[in-house]
Structure formats: C-alpha cells, structure tokens
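First listed ligand is number 1; within each ligand, the first listed atom is number 1. Below, all heavy atoms of this structure are taken into account, side chains as well, without hydrogens, waters or symmetry copies.
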Amino acid sequence: MGSFGFDFSAEERRVIWDYLVEKLERHYSDHSGVRVAPPLDPEAVRDYCSVDFNNPVSPQDAIDYVTAGLDQYIVHTSHPGYYGLFNPRPSFAGIMADVVTAVYNPQMAAWSHSPFAVEAENYVIREIGRKFGYEPDSIDGTFTNAGAEANHTALLMALTRGVPGFAENGLSVSEHKPVIYVSQESHHSFVKAAGLSGMGRRSVRNISVGPSFAMDAGDLRRQVIKDIAAGYKPVMVVSTLGTTGMGAIDPVKEIDIVAREFGMWHHADAAWGGAVAFSSRYRHLIEGIELADSITFDAHKWLSVPMAAGMLITRHPSALLETFRISADYMPKEGKEFEIVDPFTHSIQWSRRFAGLKVFMSLLIYSWDGIERVINSQFETGILLKRKLEDSGWKIYNDTPLPIVNFGLAGLEGNQEKATRFCREVTDSGKVWISVYNTSGIGTLRACITNYNTDEKDLDELLKTLGDVRITMGD
Ligand SMILES: *Cc1c(COP(=O)(O)O)cnc(C)c1O
C-alpha cells in the first residue's frame with residue numbers, strides 16, 4: 001500500500017472495482033425508469049454538488065454519490081429514447097479503452113514517452129484516411145479533443161499555407177485581410193476559430209443554401225470574386241458533409257472546383273456524416289471528400305465511442321508540422337535519432353490523453369464489418385422513423401438520406417416559439433429527447449438516430465409521445 005493511502009490495498013481495490021462495475025453495469029444495461037432528460041434546476045444541482053471536502057468518504061459512498069448525481073442530473077445520451085445532437089450511446093469497446101487509458105495514462109506529447117500509443121493513433125488515422133479515399137502515402141493527421149478543435153486546426157493550416165509568415169508574424173504581415181467561406185448551415189465552431197485565430201469573426205462568409213439546405217456553389221464563386229475585388233484574400237472554404245441541424249450534404253466536388261480556381265484550402269467538415277465512408281452502401285453520399293485538403297471526423301459521434309475523439313486528417317503530410325512546429329528545450333529528446341514526429345509539434349494540444357485507443361480497440365473488437373452493419377442499421381432506423389412520421393401526418397422539411405429528420409406541423413410552421421414549447425413538452429415527458437432547429441424562419445423539430453440500440457418499439461414510443469403532446473397543445 002502506498003504510504004498516503006491513494007492506492008488503497010490490493011484487496012480493497014478488488015472490492016471497490018466490483019462495486020463500481022456493478023453500479024456501472026446497472027446503468028449501462030437498463031434504462032427503464034430513467035428520465036432521458038432531467039428537469040433543469042440550477043439551484044438543486046449546485047446544492048447537490050456542494051459537498052464537504054474536509055470530510056473524506058469511502059470510495060463506495062463516493063461512487064454512490066456521483067452516480068446518483070449523474071442519474072438525476074444529466075441527459076442520458078445512452079438512452080434509446082435520445083434522438084439528439086450526434087452524442088452516441090458509448091460502445092462497450094470504447095468504454096473499455098477509456099478505462100485502460102486512465103490506468104496506463106500514456107503521455108501523448110512526446111513520441112518517446114508513448115511509442116505504442118502514438119503509433120496506434122497514427123495507424124488509425126491512416127486507416128480512416130484511406131476509407132475517405134486519400135492516397136495511403138500522403139495521409140497525415142492528429143487526434144483532437146473534438147470536432148471544433150479539428151476545424152480550428154484546419155483553419156490554422158489554411159492560414160499557414162495561405163498567408164506567408166503567418167505562424168511567426170501573425171496576420172499583420174498579410175497585405176490582404178483573409179476570409180473564409182462556409183454554408184449558412186455550417187457549424188459555428190468556424191466562427192469561434194476565426195475569432196481565436198486573430199482573423200476576427202467577421203471574416204467568415206456565410207454562403208446561401210439551395211432547396212436541400214446544401215451550399216450553393218454558384219453563390220460561393222460570386223462571393224469569392226466580390227471579396228477579391230474588394231481586396232480580401234480567400235484562404236479557406238468548408239464543405240459540410242452532414243450539417244448538424246439538418247444533415248445536409250454540401251456539393252463537395254463543385255466546391256472543390258472553386259477552391260482550386262482561387263487557391264483556397266478546402267476543408268471537409270464531416271464530423272458526423274463522415275462515418276458513411278465506412279459503409280459500401282452509403283459511401284457514395286460523400287463522394288469527392290478525397291478532394292478536400294483536410295477532413296474533420298469525430299469518432300465520438302457515429303463511431304459510438306465515448307467523448308472525446310475528434311480527428312483532423314489531411315492529404316498534405318507536412319502541413320501540420322508547418323503549422324505547429326516548435327522546439328522546447330525541456331521536452332524529452334530520446335526519439336531524436338529516429339524518423340518520428342512528436343505530437344506536440346503537430347497539433348494544438350500538448351499533454352494529451354490517448355484518445356485514439358477508443359477507435360483502435362473498437363476496430364480491433366468489432367472490425368470494419370461490425371461498424372458497417374451498425375451504420376447501415378441506423379440508416380434503416382432513420383428511414384423507418386421518416387415513414388412513421390409521415391404516416392402520422394407530420395410534415396418533413398429536410399430530404400437528406402442521412403438518419404436525421406426535421407419535422408413539424410402546419411400549426412408550428414413559422415412559429416419558432418411554439419415549436420420550442422412543443423419540444424419542451426416532449427422532453428419533459430422524460431421518455432424521449434428531441435430538439436428544435438430553426439432555419440429559414442421555420443421552427444422544426446429535430447430527431448436524429450444516434451443510438452445504435454434504438455429500435456422500432458423506441459420509435460413507437462417517440463411517435464406516441466409526439467401524438468400526446470399534439471393533443472394537449474392542439475395543432
Ligand atoms: C459536432 C459537429 C462539430 C463540432 O464537433 P464537437 O465534437 O462538438 O467539437 C463540427 N461540425 C459538425 C458538422 C458537427 O456535427
């Protein structure tokens with residue numbers, strides 16, 4: 001036993017592990033009687049968290065306290081009635097990997113500290129890059145905390161390539177103010193990244209969308225020409241492949257033509273939708289993604305691993321190094337004589353956890369074939385959901401083939417406030433969780449198949465809840 005008691009004894013640990021596993025297993029295997037979403041009461045939660053750190057409790061009591069807090073006060077994304085914002089039910093392989101990572105705690109900053117962990121991540125990045133259609137020899141990338149960081153990384157690469165001297169001297173050296181292009185329906189992490197990079201949030205141009213809510217490439221070209229005439233420097237355009245709100249898929253090939261014509265970095269934000277690359281039946285939906293200079297993909301979405309496992313993958317092997325290279329005297333140098341890359345010279349983060357193990361172990365245990373079967377089945381559940389909604393008289397606003405439905409009623413159309421109240425009534429039932437998505441003045445209800453266990457009887461529960469609220473609120 002360690003002299004401070006941090007480790008507990010081996011016998012004690014065995015008892016505590018068993019206790020912990022029993023608790024977690026109960027949560028993981030049975031959601032009956034659990035509210036999908038808690039009632040929101042900040043006072044009550046703050047009260048619950050205000051414990052006395054001067055009086056230690058037993059690990060078992062601590063486990064009870066924390067799991068009871070989680071049971072009551074979080075949205076349960078692992079519940080089959082959660083039709084939410086791409087947060088998955090975490091798969092068992094992914095959960096195991098996170099436990100292993102916590103125990104071994106590899107430090108990912110320097111290659112020489114964690115050769116297995118760094119190379120396992122590199123291998124996963126290359127395998128996924130190949131699935132996206134990149135040439136095997138050109139693939140490089142990094143795990144990120146999540147999609148927002150991957151998008152930020154792409155912007156920094158675009159600025160490094162597009163504004164000579166950017167990394168050393170910043171934007172002041174740029175004769176022309178840089179601008180980037182995204183669709184109106186894109187993820188707002190680009191706005192944040194533009195602010196953080198020093199370009200300023202106003203450097204983000206929102207390009208209009210067509211009837212399928214996908215970017216209008218003609219409008220993109222017109223805006224670029226206008227900006228160049230006004231003295232701006234277009235540095236990046238983003239194709240979103242599976243928008244967060246409606247699952248729209250931008251015309252990546254048309255966008256690529258504009259990117260090449262004007263020398264812009266072309267980034268594909270496929271944080272959720274990128275997973276269709278793993279299905280031979282659906283990969284055509286994102287055909288052309290291999291043209292993009294870089295890709296954002298989140299394994300903690302449609303690959304169903306626990307958060308956080310974002311990835312930035314690129315077909316330019318030196319671009320990350322050009323962007324992030326730095327030398328630090330205190331970092332270990334043991335790897336110097338080998339042809340290796342220290343991750344801290346190659347990414348935004350420095351000390352970092354072994355996020356890639358979740359993906360590595362999922363593929364090892366489930367294989368590509370297992371992943372493909374889950375993705376195909378979620379597509380089918382999405383098709384079934386759309387059919388059931390239509391059969392019950394709901395209007396559907398999006399036409400994406402991805403398993404995400406924006407729906408509503410005549411009485412909700414154009415009434416975003418009523419749609420929000422309707423949604424609140426639905427989630428207050430505790431049985432299901434959906435969200436509201438406002439676009440083009442329409443308040444739509446949004447349901448996405450994010451849990452691989454959601455099946456037809458869960459869909460029927462959703463339809464029933466929707467029907468009940470429709471009766472209480474009137475159409
Ligand atoms: C989820 C998402 C993001 C942001 O990713 P995080 O993992 O939440 O940081 C960016 N773009 C798209 C299209 C997304 O769906």
Ligand-residue contact atoms, ligand 1 with [X], heavy atoms, under 4.0 Å:
{"X": "Ala146", "answer": "6 (P), 7 (O), 9 (O)"}
{"X": "Asn151", "answer": "10 (C), 11 (N)"}
{"X": "Ala271", "answer": "2 (C), 11 (N), 12 (C), 14 (C), 15 (O)"}
{"X": "Ala148", "answer": "4 (C), 5 (O), 6 (P), 9 (O)"}
{"X": "Gly242", "answer": "13 (C)"}

Is there any N or O on [X] that sits under 3.5 Å from an N or O of ligand 1?
{"X": "Asp298", "value": "yes"}
{"X": "Thr244", "value": "yes"}
{"X": "Thr240", "value": "no"}
{"X": "Phe86", "value": "no"}

> Of the listed options (His152, His300, Lys301), which comes nearest to atom 3 (C) of ligand 1 when hydrogens are ignored and any heavy atom counts?
Replying inline: Lys301
> Do Lys358 and Phe143 have side-chain heavy atoms sitting under 4.5 Å apart?
Replying inline: no
> Would Asn376 and Glu380 count as having a side-chain donor-acceptor pair, cut-off 3.5 Å?
Replying inline: no
> Do we get Arg89 above Tyr28's six-membered ring, with its NZ or CZ under 6.0 Å from the centre and within 45° of the axis?
Replying inline: yes
> Is it true that the NZ or CZ of Arg283 lies under 6.0 Å from the centre of Phe379's six-membered ring and within 45 degrees of the ring axis?
Replying inline: no
>> Heavy-atom pairs closer than 4.0 Å: do any link ligand 1 to the side chain of Asn145, the backbone, both, or neither?
In response: neither
Suppose we measure from [atom] to each protein heavy atom; which comes out shortest, and what is that distance?
{"atom": "atom 12 (C) of ligand 1", "value": "Asp269 OD2, 3.4 Å"}
{"atom": "atom 6 (P) of ligand 1", "value": "Gly147 N, 3.3 Å"}
{"atom": "atom 10 (C) of ligand 1", "value": "His187 CG, 3.2 Å"}

>> Working to the nearest 0.5 angstrom, can you tell me the gap between Gln416 CD and Cys423 SG?
In response: 13.0 Å
> Would you call Lys386 and Glu390 a salt bridge, taking side-chain N to carboxylate O under 4.0 Å as the test?
Replying inline: no
>> In this structure, is the centre-to-centre distance between the rings of Phe278 and Phe297 below 6.0 Å?
In response: yes
>> Would Arg221 and Glu261 count as a side chain to side chain contact (heavy atoms under 4.5 Å, CB included) here? Give the steps.
In response: CA-CA 9 Å; Arg221 195 165 181 281; Glu261 185 178 352; 2.5 Å; yes
> Taking everything shown except Lys431 itself, do over 12 heavy atoms lie less than 6.0 Å from its NZ?
Replying inline: no
> Out of curiosity, is Gly273 lining ligand 1, as in a heavy atom under 4.0 Å away?
Replying inline: no
>> Would the distance check show the side chain of Ser239 and the main-chain N or O of Ala268 forming a donor-acceptor pair, the cut-off being under 3.5 Å?
In response: no
